[in-house]
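Worksheet: one structure, shown below.
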Amino acid sequence: MSTVHSSLHRTGAGAVAVLTIDNPPVNAMSMAVRIDLLAAVWDAADNAQVQALVLIGAGGKFIPGADIREFGKPQGAGPVISGREVIAALESCPKPVIAALGVHALGGGLEIALGCHFRVATSDCKLGLPEVSIGLLPGAGGTQRLPRLVGPARALELITSGKPMTAADAQDSGVVDELVDGPLLEGALAFAQRVLTKARPLQRVSERNQRLAGTDAALFTEFRAKHAKKWRGQIAPQRIVDCIEAACTKPFAEAYAFELAAFDECKASAQRAALIHAFQAEREAARIPGLSADVQPQPIRSAAVIGAGTMGGGIAMCFANAGLPVWLLDANPESLARGRALIEKNYATSVARGSLSQAQVDRALALITGTLEYAAIGDADIVVEAAFEDLVVKKHVFQQLDAVMKPSAVLATNTSTLDIDKIANATARPAQVIGAHFFSPANVMKLLEVVRGAATSPQVIVTTMALAKTIGKTAVLSGNADGFIGNRILAVYGRECDFLLEEGATPWQVDRALQGFGFPMGLYLMRDMAGLDVGWRIRQYREQFRDKALRYSPIADRLCERGRFGQKTGAGYYRYTGRDGSPDADVERLIEEVSREMKITRRAVSDDEIVSRVLSAMANEGLKIVGEGIALREGDIDAAYVHGYGFPRHQGGPMYWAAQQGWDIIHDTVTRLHAAQGALWAPAPRLAALAEQDRQTRALIPA
Ligand code: T1G
């Protein structure tokens, strides 16, 4: 079955061959598409009847890029055709070739379009080169042709961020020749007729150098310097800048070859594999095995949020940004006003940063309505409770929601530590209750940990998972257990860092090692930013349940006892001048004191040891969580950590990292520390079996 269908359409100016790319679900440019498309272009070019060609995607969806599933897989036995060969045929075609772009034209899809002589698009079409998000760069001419249309400075922004352009923006910047209001094919055929009638000269983008001429080399130096910190350790964004610089300094053919070499380097990198894993894991996380297909999400057209604090305000912004009207309820007018003011301040920051337009902000603000009355929110399709993290308070809120909310409403709680079932049982409808754990700042962080209670209905689960996509979140389903998925692993991550302090490391060394691995911020800087008193209050509450037989580090408590709560008190692990933290000898002395008390002989600790010990602990805990059914898959843990805890996406996630090291290596680390440290390092039940598999695989690899 061909993935490209050809049909002939007669226009007043001659016959047009329409080549329709048909490769469900999204018309990705697989090897089969490349083969079929090249053949179809050649046929149309050779067909004397044909005056022009139109490329269009089945269902009005153009190509979202090369088929990501083909990367890292061995090439099949059949013919191998590259995107570049298809583009060469399109660009050199003696007849006008028009790309008809709908829904999305991304990556190799936009590169195909840039190889055509003209482009028309529907106004909702998204155009972009997102390859950087999967560790690649546009390897079929995107770094050479796009700068020739939008200029090198804009191309640097677009290709290193991977962010798409709107069709209107693409038209303004000369990427799209015309926007089509009505049906896309008709619009494209009409455009083809006008090209033929006016005998418009064919525009080969690769020959348009005007926008590159006179580009100042400083553009690239400054751009590299501006992003150096953010791109630390990442290959693709750096290589993209090199390619665009080559476009401005070398003839097309030479720079085109330079781009291919850079593409191959990225394709061969471990980062590319990790980023494609992250891409697939976040999509896989949305699938819940075992739920019958009849269970469909109920529509969510309106929402309500209880509590106008930092989290409540951020959650309300998520709904408003998605175009959903949302009530924001609080107990008193002052906190409601404070909440509203914080929301407006956050939106003003987004406008200042250019991430939202004033018009978008005005639309969103108009959708957020404050209220003091529970009676006002009864008709909302979902309510998210974001009140104080206290069981008594939350139960009281849910009793009131039980009294006012319509029967079909989803009753969600944003708790990060409390038992969902205890909250649900405060109502007469526990089946409607679910955990919806947002991460701070809620309007920014992409992770939504959806926590199913013992009674939560399948429909409430699928409704909440689907809603996550609507409000731009990556949802991960968790069972109802202490710390759910994310915070349970975070506790292990923090624990091992603290123990390493007692054994010889310093907070600044630990942070340097974690940032070297790719975390945007080390643990101790993050704790100081969040405020050490939050964790202290939780530890003081949990002290009554703590197993005193297990090792416990008192360092954080000692800092809090001295009033060092972090940035907000000018000192925590670091000493602060404004928001800048610097190492503090007092803290080193405090840590050495604790080591002495714990009778621990301090020793040299390497950065590698810090990374491997902390990540091995996280992966071991992750296996336990999957084994207990709290998480559905290891990939879900990776998606949670990449989107909720700043885990470097180009490392794939803690479970992916461990699998890359080899579970036999992780097993050796875990069993060694289990022997030294005891129960805290108990190996996950599945670890030994996974290790044995990897040990056998490793034995097969010739030395
Ligand atoms: N290849 C293969 N499968 C793809 C795909 C692709 N490019 N894009 C999407 N899918 C699958 C996806 O896995 C999911 O499958 C289903 O389609 C729906 O996707 C030379 C080398 C297109 C905007 O990086 O950004 O071109 O999970 O759930 O929210 O320079 O998918 O259902 O089995 O995301 O509507 C560059 C990636 C490739 C774009 C649709 N292109 N895709 O979003 O649905 S590299 C990209 C997306 C390249 C050249 C280089 C989004 C989307 P399943 P979805 P959606």
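Atoms within a ligand are numbered from 1 in the order they appear, just like the ligands themselves.
- Distances below 4.0 Å separate heavy atoms of Pro138 from the following atoms of ligand 1: 30 (O).
- Between His643 and the choices Glu282, Lys446, Glu449, the side chain to side chain donor-acceptor pair (under 3.5 Å) rule is met once, by Glu282.
- Under a 4.0 Å criterion applied to the non-hydrogen atoms of Ile134, ligand 1 contributes the atoms 38 (C), 45 (S).
- Residue contacts with ligand 1 include Arg287, since one of its heavy atoms falls under 4.0 Å from the ligand.
- Taking every heavy atom of His104 and a limit of under 4.0 angstrom, the matching atoms of ligand 1 come to 22 (C).
- Exactly one residue among Arg145, Arg84, Arg204 makes a salt bridge (Lys or Arg N to Asp or Glu O under 4.0 Å) with Glu91. That residue is Arg145.
- Every atom of ligand 1 is numbered from 1 in the order shown, and the set under 4.0 Å from a heavy atom of Gly65 is 26 (O).
- A distance of 11.0 Å separates CG in Leu184 from CG in Leu179, rounded to the nearest 0.5 Å.
- Distances shorter than 4.0 angstrom occur between a heavy atom of Lys469 and an atom of ligand 1.
- Looking at Lys126 against ligand 1, nothing comes within 4.0 Å, counting heavy atoms.
- The closest protein non-hydrogen atom to atom 1 (N) of ligand 1 is Ile68 N, 2.9 Å.
- Considering SG of Cys243 and CG of Leu137, their distance stands at 5.0 Å, rounded to 0.5 Å.
- Aromatic rings from Phe279 and His277 are positioned such that their centres are separated by 6.0 Å or more.
- Of the heavy atoms in Pro64, both backbone and side-chain atoms come closer than 4.0 Å to ligand 1.
- Heavy-atom separations between Gly83 and ligand 1 are all 4.0 Å or longer.
- Under the 4.0 angstrom criterion, atom 7 (N) of ligand 1 counts as having a protein heavy-atom contact.
- Shown here for Pro64 and Asn27, the closest heavy-atom pair between the two residues is CD-O, 3.3 Å.
- Scanning all protein heavy atoms for the shortest distance to atom 37 (C) of ligand 1 gives Phe279 CE1, 3.6 Å.
- The aromatic rings of Phe223 and Trp231 are tilted relative to each other, their planes meeting at an angle between 30° and 60°.
- Side-chain rings of Phe258 and Phe263 stay apart, their centers remaining 6.0 Å or farther from each other.
- Per-residue contacts place Phe263 under 4.0 angstrom from the following atoms of ligand 1 (heavy atoms of the residue considered): 21 (C).
- Nearest protein heavy-atom contact of atom 20 (C) of ligand 1 is Glu111 OE1, 3.5 Å.
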Intermediate values then yes/no, side chain to side chain donor-acceptor pair (under 3.5 Å), Tyr641 and Asp636: CA-CA 9 Å; Tyr641 259 71; Asp636 290 15; over 6 Å; no
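- For the atom pair Ile276 CD1 and Lys267 NZ, the distance stands at 10.0 Å (nearest 0.5 Å).
- Residue contact annotation: Pro130 has a non-hydrogen atom under 4.0 Å from ligand 1.
- Numbered from 1 in the order shown, with element, the atoms of ligand 1 that lie under 4.0 Å from a heavy atom of Gly139 read 20 (C), 30 (O).
- Closest protein heavy atom to atom 2 (C) of ligand 1: Asp67 OD1, 3.2 Å.
- With a heavy-atom cut-off of 4.0 Å, Ala28 touches ligand 1 through its side chain alone.
- Interatomic distance, Asp638 CG to Gln651 CD, rounded to the nearest 0.5 Å: 11.5 Å.
- Remark: minimum distance from atom 15 (O) of ligand 1 to any protein heavy atom is reached at Pro25 CG, 4.7 Å.
- In this structure, atom 54 (P) of ligand 1 has a protein heavy-atom contact shorter than 4.0 Å.
- What sits closest to atom 5 (C) of ligand 1 on the protein, heavy atoms only, is Val26 CG2, 4.0 Å.
- In this structure, atom 14 (C) of ligand 1 lies nearest to the protein heavy atom Arg283 CD, 4.2 Å.
- When hydrogens are left out, the protein atom nearest atom 21 (C) of ligand 1 is Phe71 CZ, 3.4 Å; that is the closest non-hydrogen contact.
- Within ligand 1, counting atoms from 1 as listed, the ones closer than 4.0 Å to a heavy atom of Gly108 are 26 (O), 30 (O), 48 (C), 49 (C).
- To the nearest 0.5 Å, atom SG of residue Cys266 and atom CD1 of residue Ile235 are 6.5 Å apart.
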